[in-house]
Amino acid sequence: MTAPRVRIAPSPTGPLHIGTARTALFNYLFARHTGGTFILRLEDTDQARSSIAYEKDILDGLHQLGLRWDEGPEVAGDASRGAFAPYRQMERLPIYAAAAERLLAADAAYPCFCTPEMLEADRKAQEAAKLPPKYVGRCATLTLEERAERQAEGRRPALRFRVGTGVVAFDDIVRGRVEIDVSNLGGDFVIVRSDGSPLYHFTVVVDDAAMEISHVIRGEDHLSNTPKHILLFRALGHPEPQFAHLPLILNPDRTKMSKRKSQTAMADYLAEGFIREALVNYLALLGWATGTEEEVLSIEEIVERFELTDVHKGGAVFDRERLEWLNGQWIRRLEPDDLVDRLRPFLEADLAAGRIGWLPTDGELTSLLPVVTERLPRLGAIADLVGFLWVRELDYDPALLVPKRWDGATTREGLIAARSTIADTGAVSFEADQFEPPLRALAEGRGWKVGDLFMAIRVAVTGRTATPPLFDTLVALGFERVLDRLDRAIAILDGATTAR
RNA sequence: GCCGCAUUCGUCUAGAGGCCCAGGACACCGCCCUCUCAAGGCGGAGAUCACCGGUUCGAAUCCGGUAUGCGGUACCA
């Protein structure tokens, strides 16, 4: 058998959608697993809704996920690559026109002069009679003379495809045999608008035929449309590809995942710091499983194990919690240098947004990693975790300073004692294991719980109650800043007592 | 309305006639570890396998029906 050729065919009418990314991924996995070719084609015939900005978002998003296509357009107008160029439908208009001409010549299609008003009236009547909406076929039997007459009146016809009669059946790779009676297709459907622009059902088939697509892998929402495509393939005299309809990704209420009810833009997930390894891993597991208990898998491992026949039939609810868990798994698996590189853009964004006052060096960041990675659910959470390291002044609620079991006076006393202990030991060298024994001894000597003392210090130097381990934090801050922040906390407590 | 597709713990799933009074993971709860938060370890709770009927010695797995859900039904993609 010849190598498969598959494609992802997004339309740039919105940002890269999670569902589109998943479909792209499954096509990619299938292509790589079988040694086939993965093609990207832009379906931009809906000029009213398409935009170059969306196109860029989609291509960038796919690139960021690591889904490289073998044939297709490059970002924003750059050169295409592949033997079947162009890969933007708006640049393929002559091809559709020629195909339409052939169908017309063969009388597989005919011009339709019905006006939107007439069609609307038909629909109303059918609705009233409780009949399924369907084109009545008014123009199906027009003679050549009648067509010419209407043309002469200046009416611009749309082109309709004759669906004929019978049953269309196909063997879907994930769903098995599907049979649909042509009478349920809604009658002869329009393939070219009256303004001459081709419609989706038509372009998709012309292109899949022209690009020699062997397997059409797409969302289940296209299942009911497949007979139309098959009819078109036949009329065009082209062998039908195999079809595989993937289950839908769902909102929590089990409807098709939508912008209204879920976060659907891939760019938003990327911006939050979900990394491609996790995103790919998670998306692959929506509707597919290895059949073993393996779950944390690299894209290479997934490629190796992927089979279309193992894909599920039922829809899958998108579960952000599980994605976050996988993201944590993958963040912890990254090499330190890699993690530092990937953290950079997030820190730059934090700086730009004023969440931090300056950027750490690579060395600083690297030394922080051991205590940071296991606390990082998303790269974007970095400032939230240790942003206190890169700000001049801490801004916190003074009430946080006082541990639950302590009062203000005890806290003040504790911080003063801790300050001098740290000043004494830190003057020699500033290392984590230097402080723990003396500070523990301090707590013990005063009859304090170490947790309380440590918590007071923690809040004083970080402004937060949840941080990486205290001593690593102190070292990261440095001798001077630790003392400064302790002094400032003591001053705050002084102020509080004097005020009272 | 009509057509199509689907249905295993809250969620993602394993399961292809006996290994299943259903396994794993996320989330949840508890314990351990512990200076907080995580991470990790251990344990717990959680599914009469949508329902009804049939086939079979035996069904989550096969067949039929029902219900529910979703998708499609455009001169959108």
Side-chain angles (χ1 to χ4, degrees), chain A residues 9-14 43-46 48-50 112 114-116 119 123 126-127 129-135 156-160 172 175-176 178-181 183-187 189-195 197-201 203-204 219-227 245 247-248 250 252-256 282 285-296 312-326 328 332 371-377 385 403 436 439-440 443 449-455 457-459 462 464-471 473:
Chain A
S11 50
T13 54
E43 309 216 323
D44 53 356
T45 53
D46 185 348
R49 293 195 297 144
S50 294
C112 172
C114 296
T115 62
L119 296 173
R123 213 175 342 257
Q126 285 158 348
E127 200 176 314
K130 293 215 182 287
L131 291 168
K134 185 174 186 173
Y135 177 60
R156 298 267 71 96
L159 193 64
R160 277 186 194 272
D172 191 280
R175 270 142 226 286
V178 178
E179 300 185 357
I180 295 177
D181 195 303
S183 65
N184 295 314
L185 259 30
F189 58 93
V190 175
I191 56 176
V192 180
R193 294 185 182 92
S194 49
D195 69 1
S197 60
L199 254 10
Y200 167 76
H201 292 309
T203 58
V204 74
E220 187 194 339
D221 42 353
H222 288 293
L223 190 60
S224 304
N225 293 145
T226 303
H245 286 91
L248 260 22
L250 276 19
D253 65 2
R254 305 201 73 88
T255 52
K256 181 163 95 170
Y282 180 69
L285 260 18
L286 278 185
W288 174 82
T290 58
T292 68
E293 281 172 6
E294 310 170 290
E295 304 203 86
V296 183
H312 260 237
K313 298 185 201 318
V317 173
F318 189 88
D319 180 9
R320 186 191 164 98
E321 306 250 32
R322 199 167 147 83
L323 206 211
E324 285 214 11
W325 170 74
L326 265 175
R332 276 168 241 137
V371 296
V372 156
T373 48
E374 68 209 33
R375 279 164 249 267
L376 210 54
L385 222 199
E436 190 158 357
L439 285 172
R440 278 185 189 279
K449 285 195 179 282
V450 289
D452 291 334
L453 208 220
F454 288 7
M455 182 54 82
I457 300 173
R458 164 176 290 114
V459 175
T462 68
R464 0 194 21 137
T465 54
T467 72
L470 184 58
F471 306 103
T473 304

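Below, all heavy atoms of this structure are taken into account, side chains as well, without hydrogens, waters or symmetry copies. The sequence lines fix the lettering, A, B, ..., with proteins before strands; numbering per chain opens at 1.
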Which pair of heavy atoms, one from A:T255 and one from A:D253, lies closest together, and at what distance? OG1-OD1, 2.6 Å

The answer to which of A:R156 and A:T465 contacts RNA chain B further toward the 5' end, by nearest nucleotide, is A:T465

Whether over 12 other heavy atoms sit under 6.0 Å from A:E127 CD: no

Please classify the nucleic acid contact of A:D46 as base, sugar-phosphate, or nothing, using heavy-atom distances under 4.0 Å. sugar-phosphate

Does the side chain of A:T45 get closer than 4.0 angstrom to OP1 or OP2 of B:A77 through an N or O atom? yes

Check: A:R458 side chain, B:C35 base, donor-acceptor under 3.5 Å: yes

Scan A:G186 against the nucleic acid and name what it touches under 4.0 Å (heavy atoms): base, sugar-phosphate only, or nothing. nothing

Do A:S197 and A:R193 meet the criterion of a side-chain donor-acceptor pair at a distance under 3.5 Å? yes

Rounded to the nearest 0.5 Å, what separates atom OH in A:Y135 from atom CD in A:Q126? 11.0 Å

Separation of B:U73 atom P from A:Q126 atom CD, nearest Å, is 15 Å

Between CG of A:L285 and C1' of B:G24 the distance, given in whole Å, is 11 Å

Strictly by Watson-Crick or wobble contacts shorter than 3.5 Å, is anything paired with B:C3, and which nucleotide is it? B:G71

Between A:Y282 and A:E179, which residue's closest nucleotide on RNA chain B lies nearer the 5′ terminus? A:E179

Hey, does A:E321 reach any base, or is it just sugar-phosphate, or nothing, if we go heavy atoms under 4.0 Å? sugar-phosphate

Touch class at under 4.0 angstrom, heavy-atom based, for A:A316 against every strand present: sugar-phosphate

What nucleotide among B:U36, B:G71, B:C76 has an atom nearest to a side-chain atom of A:S224? B:G71

Within the 4.0 Å heavy-atom criterion, would you say A:P469 contacts the bases, only the backbone, or no part of the nucleic acid? base

Given B:C76, is OP1 or OP2 found less than 4.0 Å from the side-chain N or O atoms of A:R193? yes

OP1 or OP2 of B:G40 less than 4.0 angstrom from a side-chain nitrogen or oxygen of A:R332, does that happen here? yes

So what does A:P468 hit on the nucleic acid, given a heavy-atom distance under 4.0 Å: a base, only sugar-phosphate, or nothing? base

Measure CZ/A:F454 against C1'/B:U36 and give the value in whole Å, please. 11 Å

For A:T13, report the nucleic acid contact type (base, sugar-phosphate, nothing); a contact means any heavy atom under 4.0 Å. nothing

Report which part of the nucleic acid A:L248 touches: base, sugar-phosphate, or nothing (heavy-atom distance under 4.0 Å, all strands). sugar-phosphate

At less than 4.0 Å, is any side-chain N or O atom of A:K256 found next to OP1 or OP2 of B:G72? Yes or no. yes

Is any N or O donor-acceptor pair between the side chain of A:R322 and the base of B:A25 shorter than 3.5 Å? yes

Residue pair A:R320, A:E324: steps toward the salt bridge (charged side-chain N to carboxylate O under 4.0 Å, His left out) verdict: CA-CA 6 Å; A:R320 186 191 164 98; A:E324 285 214 11; 3.2 Å; yes

Phosphate OP1/OP2 of B:A14: any A:H312 side-chain N/O under 4.0 Å: yes

Using the P atom in both, what is the distance from B:C21 to B:A16, to the nearest Å? 14 Å

What nucleotide, of B:G4, B:C12, B:C75, holds the atom closest to the side chain of A:V317? B:C12

Does the side chain of A:P227 reach to within under 4.5 Å of the side chain of A:L185, using non-hydrogen atoms? yes

Watson-Crick or G-U wobble partner of B:A25, both distances under 3.5 Å: B:U11

Which base, if any, makes a Watson-Crick or G-U wobble pair with B:A59, both distances under 3.5 Å? none

Assign A:L470 to base, sugar-phosphate, or nothing according to its heavy-atom contacts below 4.0 angstrom with the strands shown. base

Protein-nucleotide distance (A:L376, atom CG; B:C37, atom P), rounded to Å: 18 Å

Looking at every strand, decide which applies to A:G328 at a 4.0 Å heavy-atom threshold: base, sugar-phosphate, or nothing. nothing

In the structure shown, which nucleotide is the Watson-Crick or G-U wobble counterpart of B:G64, with both distances under 3.5 Å? B:C52

Can you say whether a donor on the side chain of A:D44 sits under 3.5 Å from an acceptor on the base of B:A77, or the other way round? no

In whole angstrom, what separates A:E295's CD from B:G23's C1'? 12 Å

Closer than 4.0 Å, any side-chain N/O of A:R254 to the OP1 or OP2 of B:G71? no

Nucleotide nearest A:P133 when distance is taken to its side chain, options B:U73, B:C5, B:C26: B:U73

Looking across every strand, which nucleic acid part, if any, lies under 4.0 Å from A:E127 by heavy atom: base, sugar-phosphate, or nothing? nothing

Would you say B:C35 has OP1 or OP2 under 4.0 Å from some side-chain N or O of A:R440? yes

Closest to the A:A158 side chain, choosing from B:C75, B:C5, B:C2: B:C75

Under 3.5 Å donor-acceptor pair, A:S194 side-chain atoms to B:C75 base atoms: yes

Could you check which of B:C5, B:G71, B:U36 has an atom nearest any side-chain atom of A:E220? B:C5

Pairing check on B:A39: which nucleotide meets the Watson-Crick or G-U wobble criteria with it, both distances under 3.5 Å? none

Check every strand shown and say whether A:H222 touches a base, only sugar-phosphate, or nothing at a heavy-atom separation below 4.0 Å. base

Can you figure out which of B:C75, B:U73, B:U36 approaches the side chain of A:A466 most closely? B:U36

